[in-house]
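Just below is one structure, and these are the notes that go with it.
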Amino acid sequence: MPEIEVFAPAKVNLALHVTGQRADGYHLLDSLVAFAPAGDRLRFAPAEAMVLKVSGPEARGVPEGPENLVLKAAALYGPGPAAAIHLDKCLPAASGIGGGSSDAAAALRAMARLRAVPLATGPAVVNLGADVPMCLDPRPARTRGIGEELTPVRLPPLPAVLVNPRVEVATPAVFKALVCKDNAPMDEIPAFADAAACIAWLARQRNDLQAPAVALAPVIAEVLAALEALPGCLLARMSGSGATCFGLFESDAAAAAAQERLATTTPAWWSAHGPLGDQAEAAAPRFI
Ligand SMILES: C[C@](O)(CO)[C@H](O)COP(=O)(O)OP(=O)(O)OC[C@H]1O[C@@H](n2ccc(N)nc2=O)[C@H](O)[C@@H]1O
Ligand SMILES: Nc1ncnc2c1ncn2[C@@H]1O[C@H](COP(=O)(O)OP(=O)(O)OP(=O)(O)O)[C@@H](O)[C@H]1O
């Protein structure tokens with residue numbers, strides 16, 4: 001069996017409405033998610049036992065032991081042919097773009113191929129992380145429930161810049177700081193004629209976790225202001241529970257120029273650019 005390579009793209013919550021809370025404390029969400037061509041890479045080589053090595057620009061602090069979501073995901077398939085896994089970490093951890101969840105989903109895809117078994121599904125997958133089900137098939141979707149109810153959505157290419165100020169924000173702390181847990185869901189999603197129509201619709205939606213995240217990490221407000229001030233930026237918003245924010249731009253050229261400008265003015269911040277939407281898959285390196 002040759003090596004298997006999988007790509008774990010960044011997940012972006014274009015809108016994230018918190019609509020309620022379950023008895024177990026988990027929050028009910030209504031979110032529109034899309035994926036970016038930026039992400040982590042995983043390589044699986046057949047081996048005697050499951051082992052994980054992590055390297056890459058964002059590897060610092062990411063565990064290599066059984067607490068890593070990649071090994072937890074692989075373990076769902078039970079005993080059988082094993083792999084030496086290499087995780088090339090390019091997405092900052094604990095940053096609201098689902099790095100660990102997307103890694104776990106990519107590991108589930110790779111292990112299913114390695115073992116020639118069906119892809120894992122169901123509660124065990126949600127238990128890895130509420131974001132894992134949406135990352136299993138990384139295409140635009142409306143997600144409800146706690147993140148496990150998925151409806152595919154067609155989106156036009158959305159030229160985007162992702163920015164993380166390198167402040168880790170803990171997801172439970174942000175949910176805890178949210179005052180109103182019972183907010184209106186997103187509006188019905190129309191068929192978008194083009195990116196401008198999609199961005200105009202998005203501007204009328206919200207991320208309910210943005211205000212509590214800004215209260216915990218005020219630098220997020222600086223990131224949003226920096227994005228909004230860039231030429232061609234049509235909308236700036238936080239993803240997930242933060243701290244990563246995204247800007248949507250009028251063109252790919254404007255997004256590329258904006259990222260270049262940010263890299264010069266605020267070199268300490270992590271950033272990436274590329275199209276979000278159906279075509280992100282084509283723009284990304286080959287992934288399964
Ligand atoms: C904020 C989002 O990124 C939006 O896509 C996700 O809801 C979070 O997904 P995730 O990081 O995979 O979440 P998990 O690892 O399952 O949960 C982390 C913690 O976030 C809180 N949590 C998460 C998801 C959810 N629907 N309600 C919650 O209240 C819980 O306190 C939970 O203990
Ligand atoms: N493969 C992994 N990559 C990154 N972090 C991991 C991984 N596996 C376990 N972790 C742990 O999970 C924590 C959360 O990281 P993760 O990148 O999943 O958060 P996130 O980007 O906020 O996710 P989400 O958008 O789903 O809330 C990290 O602090 C890290 O210790």
Side-chain angles (χ1 to χ4, degrees), residues 6 8-36 38-42 52-56 58-75 85-108 123-136 141-150 162 164 166-178 181 207-210 212-213 217 237-246 270:
V6 278
K11 162 227 72 166
V12 177
N13 299 92
L14 292 167
L16 174 54
H17 294 211
V18 179
T19 57
Q21 190 169 23
R22 296 194 322 197
D24 66 359
Y26 268 78
H27 293 76
L28 296 171
L29 309 175
D30 186 17
S31 180
L32 180 61
V33 294
F35 293 84
D40 298 335
R41 286 182 182 75
L42 294 88
L52 174 68
K53 278 268 157 252
V54 185
S55 65
E58 301 297 327
R60 234 186 79 189
V62 176
E64 290 186 328
E67 66 274 40
N68 193 297
L69 286 166
V70 168
L71 289 176
K72 285 190 181 174
I85 307 169
H86 179 250
L87 169 59
D88 180 18
K89 196 75 200 160
C90 299
L91 301 176
S95 70
I97 47 177
S101 305
S102 199
D103 291 348
L108 291 175
V125 172
V126 192
N127 287 341
L128 290 170
D131 274 345
V132 179
M134 65 186 80
C135 295
L136 268 184
R142 183 175 195 163
T143 78
R144 284 177 274 211
I146 65 162
E148 80 288 21
E149 290 172 26
L150 300 167
L162 306 183
N164 181 278
R166 301 208 159 282
V167 171
E168 290 199 3
V169 183
T171 304
V174 178
F175 275 110
K176 206 167 159 205
L178 176 70
K181 319 269 191 186
N207 180 344
D208 289 327
L209 297 181
Q210 188 170 300
R237 178 169 287 157
M238 192 183 82
S239 175
S241 52
T244 305
C245 298
F246 61 91
W270 175 92

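For this chain, numbers begin at 1 and follow the sequence in order. In each ligand, atom 1 is the first atom listed, and ligand 1 is the first ligand listed.
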Which residue and atom name correspond to the protein heavy atom nearest [atom], and how close is it?
| atom | answer |
| --- | --- |
| atom 27 (N) of ligand 1 | His27 N, 2.8 Å |
| atom 15 (O) of ligand 1 | Gly129 CA, 4.0 Å |
| atom 11 (O) of ligand 1 | Thr171 OG1, 4.2 Å |
| atom 28 (C) of ligand 2 | Ala93 CB, 4.3 Å |
| atom 14 (P) of ligand 1 | Ala130 N, 3.8 Å |
| atom 31 (O) of ligand 2 | Pro63 CD, 4.0 Å |
| atom 6 (C) of ligand 1 | Asp131 OD1, 3.4 Å |
| atom 19 (C) of ligand 1 | Pro172 CG, 3.8 Å |
| atom 24 (P) of ligand 2 | Asp131 OD2, 3.3 Å |
| atom 21 (C) of ligand 1 | Phe175 CD1, 3.5 Å |
| atom 7 (O) of ligand 1 | Leu29 CD1, 3.4 Å |
| atom 18 (O) of ligand 2 | Gly100 N, 3.0 Å |

Inset, instruction - Mind running side chain to side chain contact (heavy atoms under 4.5 Å, CB included) on Leu29 and Val18 for me, showing each step along the way? - result: CA-CA 5 Å; Leu29 309 175; Val18 179; 3.9 Å; yes

If you measure every N/O of [X] against every N/O of ligand 2, is any gap under 3.5 Å?
| X | answer |
| --- | --- |
| Ala94 | yes |
| Ser95 | yes |
| Val70 | no |

Legend entry - From the candidates Leu69, Leu91, Thr244, the one that places a heavy atom nearest atom 8 (N) of ligand 2: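 Residue with the shortest heavy-atom distance to the ligand atom: Leu69.
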
[X] neighbourhood, listing ligand 2 atoms whose heavy-atom distance to it stays under 4.0 Å:
| X | answer |
| --- | --- |
| Thr171 | 22 (O), 27 (O) |
| Gly98 | 21 (O), 23 (O), 24 (P), 25 (O), 26 (O) |
| Lys11 | 25 (O) |
| Ile97 | 21 (O), 25 (O) |
| Asp103 | 1 (N), 2 (C), 3 (N) |

Inset, instruction - Kindly check if the number of other-residue, nucleotide or ligand heavy atoms within 6.0 Å of NZ (Lys176) is above 12? - result: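 At most 12 heavy atoms, drawn from other residues, nucleotides or ligands, come within 6.0 Å of this atom.
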
Inset, instruction - Could you tell me whether Ile146 and ligand 1 have an N or O pair separated by under 3.5 Å? - result: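 The answer is yes, given that Ile146 and ligand 1 share an N or O pair closer than 3.5 Å.
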
Inset, instruction - Could you tell me whether some N/O pair between Ser241 and ligand 1 is separated by less than 3.5 angstrom? - result: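 No: no nitrogen or oxygen of Ser241 is under 3.5 Å from one in ligand 1.
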
What part of [X] sits under 4.0 Å from ligand 1 if we count only heavy atoms: the side chain, the backbone, both or neither?
| X | value |
| --- | --- |
| Asn13 | side chain |
| Lys11 | side chain |
| Tyr26 | both |
| Leu28 | neither |

Quick check against the 3.5 Å criterion: does [X] have a side-chain atom that pairs as donor or acceptor with the backbone of [Y]?
| X | Y | answer |
| --- | --- | --- |
| Ser239 | Asn13 | yes |
| Ser55 | Asp88 | no |
| Asp40 | Leu91 | yes |

Legend entry - Residue-ligand contact Gly100/ligand 1, heavy atom below 4.0 Å: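 Outside the 4.0 Å threshold, so no.
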
Inset, instruction - Take every heavy atom of Gly147, measure it against each atom of ligand 1, and state whether any distance is under 4.0 Å. - result: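 Contact check Gly147 vs ligand 1: negative.
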
Legend entry - Min side-chain heavy-atom separation Leu162-Thr244 under 4.5 Å: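 They are in contact (side-chain heavy atoms under 4.5 Å apart), so the answer is yes.
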
Inset, instruction - Please tell me if the side chains of Leu108 and Val132 come closer than 4.5 Å, counting only heavy atoms from C-beta onward. - result: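 Yes. Closest side-chain heavy atoms under 4.5 Å.
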
Under 4.0 Å, counting heavy atoms only: does [X] come that close to any atom of ligand 2?
| X | result |
| --- | --- |
| Gly240 | no |
| Lys89 | yes |
| Ser101 | yes |

Inset, instruction - Please indicate, with yes or no, if any protein heavy atom is found under 4.0 Å from atom 26 (O) of ligand 2? - result: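 Yes, at least one protein heavy atom sits under 4.0 Å from atom 26 (O) of ligand 2.
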
Inset, instruction - Return yes when at least one protein heavy atom is under 4.0 Å from atom 4 (C) of ligand 2, and no when none is. - result: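 Answer yes: something from the protein, a heavy atom, is under 4.0 Å.
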
Inset, instruction - Kindly determine whether Val125 and Glu148 satisfy side chain to side chain contact (heavy atoms under 4.5 Å, CB included), including the steps that lead there. - result: CA-CA 9 Å; Val125 172; Glu148 80 288 21; over 6 Å; no

Inset, instruction - Pull out every atom of ligand 1 sitting under 4.0 Å from any heavy atom of Ser101, numbered as shown with elements. - result: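 That gives atoms 12 (O) of ligand 1.
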
Inset, instruction - May I ask you to list the atoms of ligand 1 that are less than 4.0 angstrom from any heavy atom of Gly25? - result: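 Under 4.0 Å from Gly25, ligand 1 has these atoms: 29 (O).
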
Legend entry - Mode of Glu67 contact toward ligand 2 - side chain, backbone, both, neither (heavy atoms, under 4.0 Å):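 Contact part for Glu67 vs ligand 2: backbone (N, CA, C, O).
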
Legend entry - Sequence neighbours excluded - salt bridge (charged side-chain N to carboxylate O under 4.0 Å, His left out) pairs with any residue from residues 11-34: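 Listed once each, the pairs are Lys11-Asp131, Arg22-Asp24, Asp30-Arg142.
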
Inset, instruction - Could you tell me which residues satisfy side-chain contact (heavy atoms from CB on, under 4.5 Å) with Ala170, sequence neighbours excluded, listed by chain and number? - result: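 Expected list: Pro172, Ala173.
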
